[in-house]
S.K.: 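Mind having a look at this structure? Questions to follow.
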Number of protein chains: 2
Amino acid sequence: MADDDLVFKALADPTRRFLLDRLFVRDGRTLTELESELDMTRFGVMKHLRVLEEAGLVAARKSGREKLHFLNPVPIRLIHDRWIDKYTERRVSALTELKSELEERK
Amino acid sequence: MADDDLVFKALADPTRRFLLDRLFVRDGRTLTELESELDMTRFGVMKHLRVLEEAGLVAARKSGREKLHFLNPVPIRLIHDRWIDKYTERRVSALTELKSELEERK
DNA sequence: ACTATAGGTGACTAAAAGGTCACATGTCAA
DNA sequence: TTGACATGTGACCTTTTAGTCACCTATAGT
């Protein structure tokens with residue numbers, strides 16, 4: 001399997017994106033902590049975390065009997081760079097900033 | 001299905017990413033033109049283009065009996081903004097630039 | 001030492017996605 | 001107006017993926 005394929009496949013699932021969202025707010029969380037926020041068994045969450053880890057989106061470190069999970073933003077940036085060149089970046093980010101401003105006013 | 005789900009699902013397939021790559025180089029291509037670059041029947045390619053279109057990653061316009069396809073980078077930028085905040089962006093993009101520089105020297 | 005707690009493996013089922021085909025419509029150009 | 005070309009639809013099969021469960025190992029703390 002190609003290197004980037006793991007990243008995109010990992011991002012394809014809404015549960016995994018939710019996990020990244022939680023780690024974006026604060027990382028260093030354990031499996032059990034993440035599981036408690038999801039309507040799913042521990043095994044399901046464990047599988048998802050493994051997929052994220054193999055994709056390099058999450059880095060994990062064992063600490064005693066716990067396993068701590070951290071978000072790695074680098075693969076996300078590489079996605080960006082693949083289809084947005086430096087010249088259009090200014091234009092596009094201006095657009096998305098406008099979009100989020102408009103949505104805040106709702 | 002959630003709005004962003006369509007985008008991530010669309011990006012999960014390597015054939016669809018290849019299509020985006022081709023449109024990134026030059027867009028306004030027809031189905032037949034894109035098909036000729038892939039080892040797949042026209043129907044497969046058509047399905048993929050439809051998925052990309054529904055995700056908003058590709059915009060299409062009919063011109064006579066042809067259908068022209070264009071790349072829309074906005075959803076890509078939104079992915080970036082979801083997990084990379086303004087403060088870490090400088091640091092991360094510095095890292096990815098370093099990475100691509102190193103790879104060019106190979 | 002014992003017990004509760006945190007995490008891990010492999011097999012299994014159900015749902016979703018990728019790809020092809022027979023068939024069909026609309027458009028160009030001689 | 002006839003034939004070739006570009007695109008479209010629905011059914012179908014196969015492969016992949018999400019989620020659960022029975023069972024297992026390791027650490028913490030009393």
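Chain A is the first sequence line, chain B the second, and so forth, proteins listed ahead of strands; every chain is numbered from 1.
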S.K.: Rounded to the nearest 0.5 Å, how far does CG of Asp85(A) lie from CD of Glu89(A)?
M.R.: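 So the gap between those two atoms works out to 9.0 Å.
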
S.K.: Between the side chains of Asp81(A) and Lys86(A), is the shortest nitrogen-to-carboxylate-oxygen separation below 4.0 Å, so that they form an ion pair?
M.R.: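 No.
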
S.K.: Taking CG from Leu19(B) and P from dG19(C), how many angstroms apart are they, rounded to a whole number?
M.R.: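 Between P of dG19(C) and CG of Leu19(B): 10 Å.
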
S.K.: Can you tell me the distance, in whole Å, between the CD atom of Glu54(B) and the C1' atom of dA17(C)?
M.R.: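 Nearest whole value for this atom pair: 14 Å.
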
S.K.: Locate the shortest heavy-atom distance separating Leu57(B) from Ile76(B); write the atom from each residue and the value.
M.R.: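 Closest approach of Leu57(B) to Ile76(B), heavy atoms only: CD2-CD1, 3.8 Å.
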
S.K.: Can you run down the ring pair (Phe, Tyr, Trp, His ring centres under 6.0 Å) pairs that involve residues 28-80 of chain B, sequence neighbours left out, and say none if there aren't any?
M.R.: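 Counting only pairs at least two positions apart or across chains, the ring pair (Phe, Tyr, Trp, His ring centres under 6.0 Å) contacts touching residues 28-80 of chain B are His80(A)-His80(B).
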
S.K.: Can you measure from OG1 (Thr15(B)) to NZ (Lys47(B)) and round to the nearest 0.5 angstrom?
M.R.: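 Answer rounded to 0.5 Å: 12.5 Å.
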
S.K.: Nearest-Å distance, CE (Met46(A)) to C1' (dA26(D))?
M.R.: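 The distance from CE of Met46(A) to C1' of dA26(D) comes to 14 Å, rounded to the nearest Å.
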
S.K.: Atom CG of Leu68(A) to atom P of dA6(C): distance rounded to whole Å?
M.R.: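 Rounding to the nearest Å, CG of Leu68(A) and P of dA6(C) are 13 Å apart.
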
S.K.: Under 4.0 Å between a Lys/Arg side-chain N and an Asp/Glu carboxylate O for Glu103(A) and Lys99(A)?
M.R.: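 Salt bridge present between Glu103(A) and Lys99(A).
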
S.K.: In whole Å, what is the span from the CD atom of Glu66(B) to the C1' atom of dG8(D)?
M.R.: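 Atom CD in Glu66(B) sits about 15 Å away from atom C1' in dG8(D).
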
S.K.: Using a heavy-atom distance cut-off of less than 4.0 Å, which residues of residues 22-37 of chain B contact DNA chain C?
M.R.: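 Under 4.0 Å from DNA chain C: no residue of residues 22-37 of chain B.
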
S.K.: Salt bridge or not for Glu54(A) and Arg50(A), using N-O below 4.0 Å?
M.R.: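 A salt bridge is present here (some side-chain N lies under 4.0 Å from a carboxylate O).
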
S.K.: Provide, to the nearest angstrom, the distance between the CZ atom belonging to Phe8(A) and the C1' atom belonging to dT16(D).
M.R.: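 Value for this atom pair: 19 Å.
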
S.K.: Where does DNA chain D pair, written as one dot-bracket string 5' to 3', with Watson-Crick or G-U pairs under 3.5 Å, ( ) inside the strand, [ ] for crossing pairs and | for another strand?
M.R.: ||||||||||||||||||||||||||||||

S.K.: Report each atom pair, protein N/O against N/O of nucleotides 18-21 of chain D, whose distance is under 3.5 angstrom.
M.R.:
from: dA18(D); atom 1: OP1; to: Arg16(A); atom 2: NH1; distance (Å): 3.2
from: dA18(D); atom 1: OP1; to: Arg16(A); atom 2: NH2; distance (Å): 2.6
from: dG19(D); atom 1: OP2; to: His48(A); atom 2: NE2; distance (Å): 2.4
from: dG19(D); atom 1: N7; to: Lys47(A); atom 2: NZ; distance (Å): 3.0
from: dG19(D); atom 1: O6; to: Lys47(A); atom 2: NZ; distance (Å): 2.4
from: dT20(D); atom 1: OP2; to: Thr41(A); atom 2: N; distance (Å): 3.0
from: dT20(D); atom 1: OP2; to: Thr41(A); atom 2: OG1; distance (Å): 3.0

S.K.: Identify each atom pair where a protein N or O and an N or O of nucleotides 25-27 of chain C are less than 3.5 Å apart, giving names and distance.
M.R.:
from: dT27(C); atom 1: O2; to: Arg65(B); atom 2: NH1; distance (Å): 3.4

S.K.: Sequence neighbours left out, what passes side-chain contact (heavy atoms from CB on, under 4.5 Å) with Arg26(A)? Give chain and number order.
M.R.: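 With neighbours one apart ignored, the set is Arg29(A), Glu33(A).
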
S.K.: Counting only heavy atoms not in Arg82(A), do more than 12 fall under 6.0 Å of its CZ?
M.R.: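 It does: Arg82(A) CZ has more than 12 such atoms within range.
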
S.K.: Are the side chains of Leu23(A) and Trp83(B) in contact, using a 4.5 Å heavy-atom criterion?
M.R.: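 Sidechains of Leu23(A) and Trp83(B): no contact.
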
S.K.: In plain terms, say whether Glu53(B) and Lys67(B) are close enough for a salt bridge, that is, a side-chain N and a carboxylate O under 4.0 Å apart.
M.R.: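 Judged by the 4.0 Å cut-off on N to carboxylate O distance, Glu53(B) and Lys67(B) do form a salt bridge.
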
S.K.: Any sub-3.5 Å donor-acceptor pair from Asn72(A)'s side-chain atoms to Gly56(A)'s backbone N or O?
M.R.: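 Yes, Asn72(A) side chain to Gly56(A) backbone: donor-acceptor pair under 3.5 Å.
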
S.K.: Identify whether the distance between the nearest side-chain nitrogen and carboxylate oxygen of Asp27(A) and Arg22(A) falls below 4.0 Å.
M.R.: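 No, no charged N to carboxylate O under 4.0 Å.
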
